[in-house]
A.B. asks: 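One structure follows; several queries about it will come next.
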Amino acid sequence: MTEQPIIEIRNAAKSYGALEVLKDISLTVNRGEIVAIIGPSGSGKSTFLRAINELDPLSGGEIFLEGEQVNKRLPPREYERHINRIRQEIGMVFQHFNLFPHLTVRGNVTLGPRLLKGLSQADVDKLAEEQLDHVGMLERIDYFPSQLSGGQKQRVAIARALAMKPKVMLFDEATSALDPELVEEVNAVMKRLAQEHMTMLIVTHEMGFAQDVCDRVLFMDQGVVVEEGPPDVIFRNPTNERTRNFLRKHLEGRS
Amino acid sequence: MDFELIRTVFPFFLKAAWVTVLLSVLTAILGLICGSLGAAARLSRSRVLRFLGAAYVSVFRGTPALIQLFLLYFGGPQIGIQLDAFQAGVIGLGVNAGAYMTETIRGAIIAVDRGQTEAARTIGMSRWQAMRHVILPQAMRLMIRPLGVNINALIKATALVAPISVVELTYTAQRYIGSTYRPFEMFLLAGILYLIIILSVGRVVGWLDRKARIA
Amino acid sequence: MGLDFSVLGGFWGLLLQGTLWTVAITVLAGVLSYIGGVLFAVVALYAPAVIRWPFRLFEALFMGTPLLLQLFLIYFGLIQIGIDLPAFVAGVIGLGLHFAVYNSELIQAAILAVDKGQTEAARTIGLSRWQALRHVVIPQAVRAVIPPIGNNMIALLKDSALVSVIGVAELTLSAQQAISRTFRPFEFYLAAAVLYYIVNLGMEAVQRRIERRIAASR
């Protein structure tokens with residue numbers, strides 16, 4: 001018996017006017033799977049990720065979350081209800097954290113559960129404490145975002161997403177905006193999630209991290225998936241010329 | 001809405017609008033003079049002048065224009081100043097507007113890069129020459145829009161002469177509200193005339209601003 | 001007729017009472033204008049077009065006409081439709097509405113200036129458009145706008161003198177009452193000016209303090 005995939009994307013396409021940013025991309029992500037998406041800037045990888053929860057809706061193709069279509073065409077009011085419910089199941093972490101500056105760490109983590117899950121204050125507090133403990137930020141629960149380092153902010157942002165108990169987590173260059181010495185603490189949290197078999201889609205430019213943690217790597221360029229496979233193959237024996245070029249530049253640049 | 005009534009009172013409103021325009025123009029001219037003097041005082045090297053400039057701004061912005069006007073019009077005769085209501089309106093409102101314009105003009109002058117003065121001084125210009133030939137021409141451009149905002153406020157402030165019975169727009173609207181019991185129509189009529197005046201001034205300011213940018 | 005400031009002596013009580021009313025009007029109208037400003041901003045930005053366009057017209061009319069004219073409209077207009085409010089209430093409503101329109105401009109700009117990522121983050125947790133606005137965007141906008149709204153409140157203090165014209169017994173009208181008994185306009189208007197100036201300085205001090213606190217918390 002094959003289990004239903006968590007995410008299934010068929011023939012995703014997106015264009016702004018004449019500019020095609022995504023061309024016919026299909027992807028299936030199974031429960032517990034960790035998929036990295038790499039590629040040069042402007043390759044469409046972030047757009048692709050942001051299409052999954054309809055932040056940037058596709059112009060063509062279909063997205064399914066556990067068999068339910070995400071990008072359904074519905075009357076505005078019904079669509080709003082539908083997408084709000086779907087988004088609770090899809091956690092997302094942004095490059096620039098996007099923590100709510102007017103709320104404490106606790107307020108950031110509890111806002112969603114409090115408004116959407118109908119939990120009591122005691123329950124959301126407990127939930128926040130669990131999640132913050134998980135990312136090692138429990139001591140900072142009453143701090144404001146402005147009092148945290150970038151790495152700490154990102155860990156709180158991860159806890160905020162996890163507090164909704166999502167079925168899948170999307171990471172959009174979660175470490176790109178961090179000072180180099182702060183990257184590791186965020187990577188450690190993500191590795192821990194991987195060990196716990198959280199399903200994850202990770203847009204990243206950290207090749208080392210993709211290689212160590214991910215089950216599968218997609219290389220995207222100019223709106224298409226150029227090459228896809230296990231990290232060992234993609235990083236050691238890429239078959240495509242464009243992949244080789246990209247990796248050569250990227251690995252040189254880092255050493 | 002009673003259009004017959006509006007037609008009857010319209011000529012009176014139009015005449016009143018003309019008084020409002022006249023008041024606004026004279027007030028604006030006096031305001032610009034006071035504002036320029038105020039800014040010069042605030043930027044002067046003399047400590048006494050700087051203090052006087054700051055006191056002018058603080059006192060006239062820190063108290064209601066209506067009180068200033070009443071003090072001048074009703075209290076003036078006690079210290080030998082006899083003015084009719086219109087004159088008191090122009091002087092009271094003009095000096096008040098000047099306090100706001102002082103800050104606008106000073107702000108624009110300060111906003112011109114310090115390096116500009118230094119460059120002018122290094123080629124041997126005097127302080128005054130640098131101000132007149134280098135700083136002011138640049139500051140003029142910066143101050144057109146904010147002065148437009150001051151003038152917009154000043155046009156609305158001309159309504160303050162209504163309580164001292166200058167027959168301008170607000171006084172006229174008030175009188176006809178009292179005699180016709182049609183507050184909404186009278187408000188709308190006066191309101192549209194105010195809007196026309198303010199939008200026309202906005203046009204002129206926009207035109208000057210564009211012209212200054214090209215030059 | 002020279003000046004004689006000893007006439008003030010018997011009227012300090014009246015003037016101070018007037019000052020208290022002026023402060024009360026300023027505070028009440030100030031709060032009203034802040035709350036009204038948020039509501040107006042939301043209407044101006046997010047209401048359906050049938051509401052938005054008439055509202056924009058109302059806004060233009062209120063920004064383009066003198067406060068005094070608006071006070072006449074509200075005071076006499078309400079009487080005409082059978083609502084006979086005390087002058088004090090009409091004055092607070094008039095001042096509050098007038099400044100709400102100005103505050104609304106500031107708050108609209110602040111709402112639009114809240115980083116787009118904030119709405120995105122709220123929406124990705126599953127918050128609805130309205131929840132994101134109410135719990136994430138508006139709380140940030142109303143904080144960002146505190147310093148410029150402080151300026152409007154200080155302007156409101158001085159414009160509150162205008163409600164004397166519709167018969168609200170605040171500082172200006174108190175001075176006029178004293179004048180009608182003593183025929184000493186210069187002394188009493190000057191005294192009123194001094195009292196306004198003191199309240200004004202107090203408000204400026206409070207504003208500076210709030211601004212410092214905001215600056216420190218960033």
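We name chains A, B, ... by the order of the sequence lines, and we start the count at 1 in each one. Every value quoted in this text rests on a predicted model; they were computed, and no experiment measured them.
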A.B. asks: Are more than 12 heavy atoms, taken from residues, nucleotides or ligands other than B/Phe51, located less than 6.0 Å from that residue's CZ atom?
C.D. replies: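 Not buried by this count: 12 neighbours or fewer within 6.0 Å.
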A.B. asks: Between B/Leu66 and chain C, which part of the residue has a heavy atom less than 4.5 Å away: side chain, backbone, both or neither?
C.D. replies: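 Contact with chain C: side chain only.
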A.B. asks: Roughly how far apart are C/Leu61 CG and B/Phe187 CZ, rounded to 0.5 Å?
C.D. replies: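 The distance works out to 4.5 Å.
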A.B. asks: Would B/Met186 and C/Phe76 satisfy side chain to side chain contact (heavy atoms under 4.5 Å, CB included), going step by step from the backbone distance to the final call?
C.D. replies: CA-CA 11 Å; B/Met186 297 306 119; C/Phe76 295 107; over 6 Å; no
A.B. asks: Which value, rounded to the nearest 0.5 Å, describes the distance between C/Leu190 atom CG and B/Gln68 atom CD?
C.D. replies: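 Output value for this atom pair is 11.0 Å.
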A.B. asks: Distance check, rounded to the nearest 0.5 Å: B/Ile197 atom CD1 versus C/Thr65 atom OG1?
C.D. replies: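 So the CD1 of B/Ile197 and the OG1 of C/Thr65 are separated by 11.5 Å.
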A.B. asks: Of all heavy-atom pairs between C/Gly64 and B/Ile198, which one has the smallest distance, and what is that distance?
C.D. replies: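 Heavy-atom minimum between the residues: O-CD1, 3.2 Å.
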A.B. asks: Going from CD1 on B/Ile177 to OH on C/Tyr75, what distance comes out if it is rounded to the nearest 0.5 angstrom?
C.D. replies: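 B/Ile177 atom CD1 to C/Tyr75 atom OH measures 12.5 Å (nearest 0.5 Å).
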A.B. asks: Taking all heavy atoms of B/Ala173 and all of C/Leu69, pick out the closest pair and write down the distance.
C.D. replies: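 Here B/Ala173 and C/Leu69 meet closest at CB-CD1, 3.5 Å.
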A.B. asks: Non-hydrogen atoms of chain B under 4.5 Å away: do they reach the side chain of C/Ser160, the backbone, both or neither?
C.D. replies: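 When you check distances to chain B, no heavy atom of C/Ser160 falls under 4.5 Å.
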A.B. asks: Check each atom of C/Glu204 against the heavy atoms of chain B and say whether the ones under 4.5 Å are side chain, backbone, both or neither.
C.D. replies: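 No part of it gets close to chain B.
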A.B. asks: Check for a donor-acceptor pair, side chain of C/Lys158 on one end and backbone N or O of B/Ala65 on the other, with a separation under 3.5 Å.
C.D. replies: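 Side chain of C/Lys158 to backbone of B/Ala65, a donor-acceptor pair under 3.5 Å: no, none is there.
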A.B. asks: Is it true that, when you exclude C/Phe5 itself, more than 12 heavy atoms of the residues, nucleotides or ligands shown sit nearer than 6.0 Å to its CZ?
C.D. replies: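 Yes - once you tally the heavy atoms of other residues, nucleotides and ligands closer than 6.0 Å, there are more than 12.
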A.B. asks: Heavy-atom distance under 4.5 Å to chain B: side chain of C/Phe62, backbone, both or neither?
C.D. replies: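 Just the side chain, heavy atoms under 4.5 Å.
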A.B. asks: Please give me the minimum heavy-atom distance between B/Pro163 and C/Leu68, naming the atom from each residue.
C.D. replies: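 In this case the closest contact between B/Pro163 and C/Leu68 is CD-CD2, 3.8 Å.
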A.B. asks: Please report the C-alpha distance between B/Phe74 and C/Ile179 in whole Å, then the side-chain angles of each, then the deciding distance to 0.1 Å, and finally whether the side chain to side chain contact (heavy atoms under 4.5 Å, CB included) criterion is met.
C.D. replies: CA-CA 10 Å; B/Phe74 295 112; C/Ile179 291 163; over 6 Å; no
A.B. asks: Enumerate by number any residue of residues 79-109 of chain C whose heavy atoms lie under 4.5 Å from heavy atoms of chain B; in the absence of such residues, state 'none'.
C.D. replies: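 Expected list: C/Gln80, C/Tyr102.
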A.B. asks: List the atom of B/Leu195, the atom of C/Ala60, and the distance in Å for their closest heavy-atom pair.
C.D. replies: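 That would be CD2-O, 3.6 Å.
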A.B. asks: Tell me whether C/Phe55 at atom CZ has more than 12 heavy atoms from other residues, nucleotides or ligands lying less than 6.0 Å away.
C.D. replies: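 Yes.
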A.B. asks: Would you mind checking which part of C/Met203 comes under 4.5 Å of any heavy atom in chain B, side chain (CB onward), backbone (N, CA, C, O), both or neither?
C.D. replies: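 Contact with chain B: none, neither part.
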A.B. asks: Provide the closest heavy-atom pair for B/Leu71 versus C/Tyr189 in the form atom of the first, atom of the second, distance.
C.D. replies: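 What the structure gives for the nearest pair is CD1-CB, 3.5 Å.
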A.B. asks: Heavy-atom cut-off 4.5 Å, strictly under: side chain, backbone, both or neither for B/Leu72 against chain C?
C.D. replies: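 Interface part for B/Leu72: neither.
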A.B. asks: Atom CD1 of B/Ile79 and atom CZ of C/Phe186: how far apart are they, to the nearest 0.5 Å?
C.D. replies: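 If I round to the nearest 0.5 Å, the distance is 4.0 Å.
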A.B. asks: Measure distances from C/Ile154 to the heavy atoms of chain B and classify the residue's part below 4.5 Å as side chain, backbone, both or neither.
C.D. replies: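 Neither part, no heavy atoms under 4.5 Å.
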A.B. asks: Does the pair C/Leu171 and B/Ile67 meet the rule for a side chain to side chain contact (heavy atoms under 4.5 Å, CB included), with working shown?
C.D. replies: CA-CA 10 Å; C/Leu171 180 51; B/Ile67 291 282; over 6 Å; no
A.B. asks: Within this structure, what is the CG-CG distance for the pair C/Leu67 and B/Leu160, rounded to the nearest 0.5 Å?
C.D. replies: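 So the CG of C/Leu67 and the CG of B/Leu160 are separated by 8.5 Å.
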A.B. asks: If you look at every heavy atom in B/Pro183 and C/Gly77, which pair is closest and at what distance?
C.D. replies: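 Distance-wise, the nearest heavy atoms are CG-CA, 3.5 Å.
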A.B. asks: Need one label for B/Ser58: side chain, backbone, both or neither, based on atoms under 4.5 Å from any heavy atom in chain C.
C.D. replies: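 Both parts, backbone and side chain.
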